[in-house]
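Throughout, numbering of the chain's residues begins at 1 and tracks the sequence. As the structure is a computational prediction, the values presented were derived from the model and not from experiment. Both ligands and their constituent atoms are indexed starting at 1 by order of listing.
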Amino acid sequence: MDFEKFCRENCVERRGTGTLKWDSLQEIFGDADLLPLWVADMEIQSPAAVREALTKRVEHGVFGYGKVEDSYYDAFFAWQKKHHGMDLAKENVRFATGVVGSLYAAVRAYTKEDASVIICPPVYYPFYDAILNTGRKLVTCDLDNHEGHYSLDLEKFEKEIADNNVEMFILCSPHNPVCRVWTEEELDGMLDVCRRHGVLVVSDEIHQDFAYEENPFTSSAVVKGGKYRDMLIILNAGSKTFNLAGLIHSHVIIYDKKLMETYDAYIKSIGSPEVNLMGITGVEAAYRGGEEWFANVKALIRHNYDYMKQEFARELPKIVVTPLEGTYLSWIDLRGYMEGDKVAEFIQNKCRLACDVGEWFSFTGHGFVRINLATDTKNIKTAVERIITNIKAL
Ligand SMILES: Cc1ncc(COP(=O)(O)O)c(C=O)c1O
């Protein structure tokens, strides 16, 4: 694939278009003049099929309440079946206005105040918020880092659960930011511990489609033939896959009837809206006509990752780049060249990059930087050059 050509034809200028990533730099980083590689969306235009479907909607010119038609379910179910072996029926699915909102909803619907909820840092920071902002008790079990490859120590995990009377586990699968695609065996281990301790599992699978060939993604729903379905709340969306986060549309998947009743009752109690008209229009079109686009985007991400990894290996071999099994967010350890607590300042003020840094994902996570690879290769080259030049100048 000609990646330069793909970027020329598909990447667009976003600064000045009202975007969080490019237009909030002053508010978030205190500096508008940085190259943004932070929040997880892309500079790549969504698939043509999506743009055409949305244009048709806009030209129709009426934006009344939406309805999820059978055609939406058909497209969504076909994608999940083909790519993830998931069997779904309408009664297993609810719609929401984003996965983060559903994390809060799940915590509130299934646990009481002061209940303990466990997460495995370093992990996507809204997981902390969904626990702490709802008045629940945060329990953590840090992943183990072996030269950039992360794993979960099940004994430690079980001890935290037992000692803290944990009621819920928020699983990140694939795991942002450490690029892990958990294997079926690993998931079986985690879910088995949860089963034995009566812990409900919220499985955030928003990155489900970003798993690279040698590390196929397994949904918690299909582990060991669906053995754990009765204790799962699965959250996924087309928003990462097709770069549609601003359409605010996602899925909640619950197989167990009682769990679904509890969820429905909670949603009723807060009067939450169910669907976003543009969301259902765009996501259905993406599942129907976005497959080739998606394959190209995945190849570009892999290309950007390989480029970055090779450059660092050649120029700065003490940088540890975590193997990219999943997601499009690279996780990089700079502690070989500076104290961990200097990294955030170095990345922003010396390299002039806006990135998520380690301490956002873990209280003890200093020293790491997360780089969003789903962008024009030019941006990755600029970032890599700046990091190399500035480290060499230290
Ligand atoms: C693990 C994970 N969950 C959820 C989200 C955001 O989901 P949403 O935009 O649907 O709230 C992200 C975005 O980066 C993510 O990485």
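Atoms of ligand 1 found under 4.0 Å from any heavy atom of Ala40, numbered from 1 in the order shown, are 14 (O). Interface of Ile206 with ligand 1, defined as ligand atoms under 4.0 Å from a residue heavy atom, comprises 1 (C), 2 (C), 3 (N), 4 (C), 5 (C), 6 (C), 7 (O), 10 (O), 15 (C). Near Cys172, meaning under 4.0 Å from one of its heavy atoms, ligand 1 places the atoms 1 (C). Near Asn176, meaning under 4.0 Å from one of its heavy atoms, ligand 1 places the atoms 15 (C), 16 (O). Heavy-atom contacts of Gly98 reach the following atoms of ligand 1: 10 (O), 11 (O) (cutoff under 4.0 Å).
Within a 4.0 Å radius of atom 7 (O) of ligand 1, the protein contributes one or more non-hydrogen atoms.
Among residue pairs with one or both ends in residues 35-67, those qualifying as ring-ring contact (aromatic ring centres under 6.0 Å, His included) are Phe29-Trp38; sequence neighbours excluded.
Taking only non-hydrogen atoms, the option from Tyr104, Tyr124, Trp38 nearest to atom 4 (C) of ligand 1 is Tyr124. Closest to atom 3 (N) of ligand 1 by heavy atom, among Leu171, Val99, Asp204, is Asp204.
Taking a cutoff of 4.0 Å between a charged side-chain nitrogen and a carboxylate oxygen, Lys67 and Glu69 qualify as a salt bridge.
No side-chain donor from either of Tyr128 and Asn133 sits under 3.5 Å from a side-chain acceptor of the other. Under the 3.5 Å distance criterion, with hydrogens and angles disregarded, no donor-acceptor pair is assigned to the side chains of His249 and Thr97.
A cation-pi arrangement is absent between Lys298 and Phe210, since the terminal nitrogen or guanidinium carbon is not both under 6.0 Å from the aromatic centre and inside a 45° cone about the axis.
In this view, Gln26 and Ala32 satisfy the side-chain contact (heavy atoms from CB on, under 4.5 Å) rule, not counting sequence neighbours.
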